[in-house]
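Structure first, then comments.
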Amino acid sequence: MALAKNFNPQEAENKWYNYWVEKGYFHSTPNEKPAYTIVIPPPNVTGVLHMGHALNNSVQDVLIRYAKLNGYNTCWVPGTDHASIATEAKVVAMLREKGIDKNTLSRDEFLSYAWEWKEKYGGIILQQLKKLGCALDWNRTAFTMDADYYRAVIDVFIDLYKKGHIYRGVKMINWDPKAKTALSDEEVNHKEVNSELVYVRYFMEDDSAESITIATVRPETILGDAAVCVHPNDERYKHLVGRYCLVPLINRRIPIIADEYIDIEFGTGCLKVTPAHDINDYNLGLKHSLPVIDTLNEDGTMSEAAQLYVSLDRFEVRKQIVQDLQAKGHIVKIEAYTNQVGFSERTDVVIEPRLSMQWWCKMESMAKPALEVVMKDEIKFYPPKFKNTYRHWMENIKDWCISRQLRWGHRIPAWYDEQGQFVIAATEAEAIEIYQQHFPDKEVPTTLRQDEDVLDTWFSSWLWPLEVFGWNQQKEKNRELDYYYPTATLVTAPEIIFFWVARMIMAGLEYRKQIPFQQVYFTGIVRDKQGRKMSKSLGNSPDLLKMIDDFGADAVRFGVLIASPAGNDLLFDESGCEQGKIFGNKIWNALKLLQILNEKERSTEAPGSEAFASVWFAQRLAEVRAEVDQDIREFKLSEALKKVYSLIWDDYCSWYLEWIKTAQDQPIQANQIEKANMYFEELMKLLHPFMPFITEEIYHQIRERAEGDDLVITQFSKATSPDADILSQGELLKRIITAIRDVRVKQNLKPKDSITLYLPEAHKQNLEAIEGILQKQCFAEAIVYITGSVPDSVSFVVGNLSCYLTSAREIDHSKQIEELQKELTYLQGFLESVNKKLNNEKFVANAKPEVIAGEEKKRNDALEKIRVIQESLTLLSA
RNA sequence: GGGAGCAUAGCUCAGCUGGUUCAGAGCAUCUGCCUUACAAGCAGAGGGUCCGCGGUUCGAACCCGUGUGCUCCCACCA
C-alpha cells in the first residue's frame, strides 16, 4: 500500500486518541507494579485551554508516558476546580444577559442556574486536553464539588474547627467591591499606578487660623477620618498634639495624636487616620482606641456614615471631593504620585481594605512541618531556587481568610441562632444536637440559620491529592490511597506555590501524615516573543485549538516542549510548532524510505563492511537513551527532546539510512533491513512521550501488529551501555565524510566526481571497519593506505589522521594552499599555548596528572599535524 | 523596602565538580544542489572581547567582589 505523501495529523490524532481510550490504556488500577502518579492541577471548570495549560499538561503527559515506557503503572488523574469566584462571575454575567439580577434569586435558585451552567459549559477544557493527547485516566475525573469531595471539605472544616485552627473574627480584609467578597492576600495583585497626592488642610477646632495639612491619595476617605497622627518627635507639630481639628466639609471633630509609626519625611509628616479603610490606620486605631467609621458600602459606593456623597461610587467621589475641598479652600496642592495599588486577581478592580467578620484558619502549626519536608528535600523542588521563596513565605505565614461572600462553593457549616450564637456541624440536625449540648440553658431551636458564605476555593483544592483517591470516605485501608499516594510528581506554575502547593503539603501532613508528592516541578511562565507574560488581558495568548488544527497536536507539543528549558520562562513562538510539523514530515518520509527498502529483494549473504552501520547505530541509541533518561529525571525536557530530534534526523536519517541504503536495483541484506525497522521502532518509543500520535501511527505502519500491540502501552527494551570505541569510530567516519564533502565544495568537485582516497597506514586497523561505508558515501574509486604523503593531491586532516585525495579533475592548488596555511596558523598558535602551559613549572606542579597527559597528547598531535601540513605545503609549492 | 534569578552567535538557549580538540545546539543567514524518502529537503560554510571592571588561580564563560541592564517573588508607608 502506498503511503500518503505527507502525514495527516488530524485524522491520525482523532483515530488514536479514541482508540487508546476505548482500549482503556489510560485507566489504572492498583497492581503489583510500582505506581507513578500525577494529579492534574485542576483547571477552573470555566477554563479554556491556553498556553499555560498546554505547557503544564504536555509536561505531565511526557512524564506519564515516559514512566509507562519504563514499566510503571501510571495514573494521571484529571478533574476540574469549581473556582468559586471565576465561575460565579461567569454565571452572574450569563444571568445578566438573560436580564436576571443575582440578588433577586434565592440561594437555591442561583445554585441551580450555576449547576446548569457547569453541566453545559464546564469541563470544555477537559475535552481540549484530549485534543492535546493527554493520557489522563478519564474514569477518575474528579470535581471539587462532587458530593463526596464536598463532604470532605466540610469535614475538614469541622475537624480544624475542633482542633482550634479555625475561628471567626473581625479583621481588615481585602474587599473586592465588584465580586462583593473578601479575598485572601494571595488573590490581590499590586500594580503601580499614577495617582494624585492631594494635600488637604484641616482647620483646628479651637482656632480656625491654625491648621494642619495632610497628604492623601484617597481623599474620599477623609469622611471616615478618626484622627490625624504625627510623629511624637516632630517639632513642627508638637504644639498640636492633644488638640482637635475638624474633618473638612463635615466638620467632625477629631483628635491629633502622636505615634512613632509616622514617617516624618513623607508628605507633610501628618497622617490622616481612617481605621475603617486602611490596614495601618486600623492598627493605629486599635492602639489609640479610635472609632471606626465605615464610609463604604460593599459595592464601593459611599455609605450613610460618610454623610456626603452617599451611594456615589468611590472614584466618582474622589474627583468630586477634590473640587469641593478646593472650593472651600482646603487644598494646599496636588502632586503627581505613583504608588502601589491592590487589584483583585479575579475581577481586576481596585481592592478596598475593609473591616469585616470573616472565618480564619490559623496557619502556623501546620506550616512548620510543611516547611521542614521541603527544606529537608523529602519533597524535592525543581528548580531548587523555589525552596527559598517557599521558606520565606512559610516563616512569615499569616492566618488564612477562608470565607468568601459567594454562593458557588462549599457552604460554611456554621449554624446560628437568633442571637448569633453558632455551632459547627455538617447538617442542621447535627447542629441542633450540638447546640443543645453547648447551650443547655437555652431553649431548643427548631431551626438554625446556616452561614451564608462559602469557603475559599483553595480550601478545597488543598485536599486534591487525597480526595481524588477517596480519602474522606475511607481513611484506613484505602487501597487506592495506599497505592497511589504519595503521588510522584506535581507539575505546576510557580505563581501558585502558596495558594496551592504549600497548602497541599500541609493538608497531606495533617491528614495522612505523609507528603502529597515526592517532587514538584515548577514550569516557567509562558511569554510571547517580546517577553511579555501571556495573559487574557494582553490578548497575546494564541488560540491553541486553532494551532492544533493548523499544525497538529504533536507539532504543538513539540513547539511548547522544545522551548521549555527546566525552570526557565518559556518564550513561545509559533515557529517551534512549525518546526515540529516539519519534523513530523521528516519522520513520515523516513517511513516511506523504509517501506521502499522493505519491499526490496532480500539477500541472505553475509553483510559487507556496511554492517558497521547497524552496530554503530545500536550504540548511538543506547547512548542517547541514557542521556534522555537523565534529562527527563532532571526535567530538562527541551534538552531531551532536542537529543531525540537530532538522533532521528541526523543520526538515523542523514547518516544511518544513507549508509544502509542500497542502489535502486540492488537487493538489501536481510538482517540489515530488519535492524533498520527495529531501530525505527525504538526511536518511536523514545519520541512517543513527546509526540504520541505520529509515533503510534508509525509504529503500526512499520509492520502489522497483533491485537493489543500498541506503542502507548509498550515498554522500552532493556537498556544497554554503549560501546565507546564503536561510537568514536562512527564519529571518525562522519568526520571523514564531512571533510571530503568540504574538499569537494572547495575544490569544485561534483559529489559524484570520482576520487581516490588515501588514508594513513598506521590507522588501518581502526579504519577498516568503516572503509566500506566510507567508500560508498564518498564515491571513492579506491581507498589506499599509505605511509607518506601523496603528490598532486588535496590533503586534509581529520583528528590526528592525515588524509589525501586525488581526482581526475584538476586540483586548485592556490585554494588548497590557502586552506592549509589557515590551518597551519591556527595550529601553531594552538601549539604555542599548549607549550606555554607545559613549560610553566607551576602548571606541571599543580595540575592533575591526567590534565598534563592531555596537554602532552595535544602537543604531540599538533606537532604531527603541523608536520603533515608543512609537508603538503612543500609538495604543493614545488 | 526585602529576597531570588538572569546577562554566551541575529534570535532562543546548552555549557556538570574551573583545564583551547567546549566556545556548542536549534532556528535565522550565505553558497552549491529539483541526488528516484523528504526543496517542509540534501550537502557545505560563515558568525561570539562568553555584559563592563577588578580579584583569586599555573589556568576563568565557569569561583569571589563590584558596576550596569533586565526579570520575578514578597512587602500596608500615607
Side-chain angles (χ1 to χ4, degrees), chain A residues 3 5-6 172 185 190 197 214-218 221 229 261-263 265-274 278-283 337 339-340 342 353 383 385-386 388-389 392-393 396 494-495 497-498 524-525 527 529 531 533 562-563 565 567-571 573 575-576 578-579 581-597 630 636 638-639 642-643 645-646 653-654 657-658 661 663-664 737-738 741-746 748 750-752 799-800 826 829-830 833-834 836-837 840-848 850-852 854-855 857-858 861-862:
Chain A
L3 288 166
K5 184 171 189 311
N6 293 323
M172 187 63 81
D185 289 345
H190 291 270
L197 187 58
I214 59 88
T216 178
V217 289
R218 295 195 297 161
T221 61
C229 189
Y261 164 75
I262 301 302
D263 177 358
E265 303 298 320
F266 190 90
T268 58
C270 306
L271 173 72
K272 64 190 262 324
V273 184
T274 321
D278 185 287
I279 178 70
N280 300 301
D281 292 14
Y282 177 67
N283 291 332
Y337 184 70
N339 62 338
Q340 298 281 326
K385 66 178 176 187
F386 287 110
N388 272 327
T389 318
H392 186 258
W393 193 72
N396 297 289
E495 56 248 45
I497 185 169
F498 310 128
I525 295 166
R527 300 173 178 282
K529 255 187 278 188
K533 196 166 164 174
I562 200 76
N568 278 343
D569 286 357
L570 178 153
L571 264 87
D573 182 351
S575 67
E578 185 75 38
Q579 199 188 339
K581 191 180 174 188
I582 291 171
F583 183 41
N585 187 51
K586 181 73 184 179
I587 297 170
W588 190 251
N589 277 300
L591 174 69
K592 288 198 312 203
L593 175 59
L594 261 191
Q595 195 186 44
I596 291 169
L597 297 181
Q630 185 63 28
K636 295 177 177 173
S638 62
E639 288 295 305
K642 280 176 193 170
K643 282 171 188 160
Y645 175 86
S646 169
C653 293
S654 297
L657 284 180
E658 293 299 328
K661 204 166 159 180
Q664 223 172 0
I737 293 172
T738 302
R741 285 172 179 165
D742 188 26
V743 169
R744 281 184 187 273
V745 169
K746 295 212 165 93
N748 285 320
K750 296 236 167 70
K752 286 183 175 170
N800 56 358
Y826 170 80
F830 177 74
S833 76
V834 175
K836 213 160 108 191
K837 216 182 273 185
N840 183 332
E841 279 172 33
K842 288 186 177 169
F843 171 73
V844 180
N846 293 318
K848 283 179 248 165
E850 58 266 33
V851 174
I852 297 173
E855 293 300 314
K857 183 169 186 313
K858 278 183 214 162
D861 287 353

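Letters A, B, ... mirror the listed sequences (proteins, then strands); counts begin at 1. The analysis underlying the following values was restricted to heavy atoms, covering all of them including side chains, and did not include hydrogens, waters or symmetry mates.
Of all nucleotides listed (B/A40, B/A45, B/A37), B/A40 comes nearest to the side chain of A/N6. Among B/U36, B/C73, B/A43, the nucleotide with an atom closest to any side-chain atom of A/T389 is B/C73. Here the side chain of A/Q664 is nearest to one of B/U36, B/G44, B/A37, namely B/U36. Proximity note for A/K661 (side chain, C-beta onward) versus B/A78, B/U36, B/A37: the nearest is B/A37.
In this view, A/E578 satisfies the salt bridge (Lys or Arg N to Asp or Glu O under 4.0 Å) rule with no residue, not counting sequence neighbours. Residues meeting the salt bridge (Lys or Arg N to Asp or Glu O under 4.0 Å) test with A/R744, sequence neighbours left out: none. The salt bridge (Lys or Arg N to Asp or Glu O under 4.0 Å) check on A/D281 picks up nothing, with sequence neighbours excluded. Applying the side chain to side chain donor-acceptor pair (under 3.5 Å) rule to A/N748 yields no partners; only residues at least two apart in sequence or on another chain are considered. Not counting sequence neighbours, the partners of A/N388 by the side chain to side chain donor-acceptor pair (under 3.5 Å) test are A/R391. For A/S654, the side chain to side chain donor-acceptor pair (under 3.5 Å) test picks out no residue, with sequence neighbours left out. Among residues two or more places apart in sequence or in another chain, the ring pair (Phe, Tyr, Trp, His ring centres under 6.0 Å) test is passed with A/F498 by A/W393. Residues forming a salt bridge (Lys or Arg N to Asp or Glu O under 4.0 Å) with A/K586 (at least two apart in sequence, or on another chain): none.
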Letter per nucleotide, 5' to 3', of nucleotides 58-64 of chain B [B base touched, S only sugar-phosphate touched, - untouched; heavy atoms, 4.0 Å]: B------
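With pairs defined as Watson-Crick or G-U wobble and both atom distances under 3.5 Å, the stems of at least three pairs that touch RNA chain B come out as B:1-7 with B:68-74, B:10-13 with B:24-27, B:29-33 with B:41-45, B:51-55 with B:63-67.
Within 3.5 Å, no donor on the side chain of A/E658 pairs with an acceptor on the base of B/A43, nor the reverse.
Annotation: B/C6 and B/C16 have their P atoms spaced 12 Å apart (nearest Å). A gap of 33 Å separates the P atoms of B/A25 and B/G65, to the nearest Å. With P as the reference atom, B/G48 and B/G24 are 12 Å apart, rounded to whole Å. Separation of the C1' atoms belonging to B/A75 and B/G69 is 24 Å when rounded to the nearest angstrom. Comparing the P positions of B/A4 and B/C50 gives an interatomic distance of 28 Å, to the nearest angstrom. Only the C1' atoms considered, B/G47 is 29 Å distant from B/C34, to the nearest whole Å. Only the C1' atoms considered, B/A23 is 28 Å distant from B/G32, to the nearest whole Å. Comparing the P positions of B/U17 and B/C62 gives a spacing of 13 Å, expressed to the nearest Å.
Note on A/N339: only backbone sugar-phosphate atoms sit closer than 4.0 angstrom, heavy atoms only; bases stay farther off. Within 4.0 Å of A/Y282, counting heavy atoms only, lies no atom of the nucleic acid at all.
Residue A/K636 places at least one side-chain N or O closer than 4.0 Å to OP1 or OP2 of B/G15. Using a 4.0 Å cut-off, no side-chain N or O of A/Y261 falls inside it from OP1 or OP2 of B/C76. The phosphate of B/G44 has OP1 or OP2 within less than 4.0 Å of a side-chain N or O from A/T738. A close approach under 4.0 Å does occur between a side-chain nitrogen or oxygen of A/K586 and OP1 or OP2 of B/C42.
Protein atom CG of A/N585 is 9 Å distant from nucleotide atom P of B/A40, rounded to whole Å. Summarising the geometry, the separation between CG on A/D263 and C1' on B/C77 is reported as 7 Å, rounded to the nearest angstrom. At whole-Å resolution of the value, NE2 in A/H190 and P in B/C76 are 6 Å apart. What separates CG of A/L597 from P of B/A37 is a distance of 8 Å, to the nearest Å. A/L594 places its CG atom 16 Å from the C1' atom of B/U36, with the value rounded to the nearest Å. Note: CD1 (A/I582) to C1' (B/A40) measures 4 Å, nearest angstrom. Atom CG of A/N748 and atom P of B/A45 are 15 Å apart (whole Å). One atom, CD of A/Q340, and another, P of B/C73, lie 12 Å apart when rounded to the nearest Å.
Both A/L271 and A/K581 lie near RNA chain B, and the one whose nearest nucleotide falls closer to the 5' end is A/K581.
Screening residues 265-274 of chain A for salt bridge (Lys or Arg N to Asp or Glu O under 4.0 Å), with sequence neighbours left out, gives A/D225-A/K272.
Checked by atom type and distance alone, the side chain of A/D742 never pairs as donor or acceptor with a backbone atom of A/T738 at under 3.5 Å. Between the side chain of A/T221 and the backbone N or O of A/R218 there is at least one donor-acceptor pair closer than 3.5 Å. In this structure, A/D278 contributes its side chain and A/T274 its backbone to no donor-acceptor pair below 3.5 Å.
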Could you list, one pair per line, each protein nitrogen or oxygen that sits under 3.5 Å from a nitrogen or oxygen of nucleotides 25-35 of chain B, together with the distance?
| residue | atom | partner | partner atom | Å |
| --- | --- | --- | --- | --- |
| B/G26 | O2' | A/Q579 | NE2 | 3.0 |

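With a 4.5 Å cut-off on side-chain heavy atoms, A/Y282 and A/P353 do not count as touching.
Counting all heavy atoms, side chain and backbone alike, A/I214 lies closest to A/T268 at CA-OG1, 3.6 Å.
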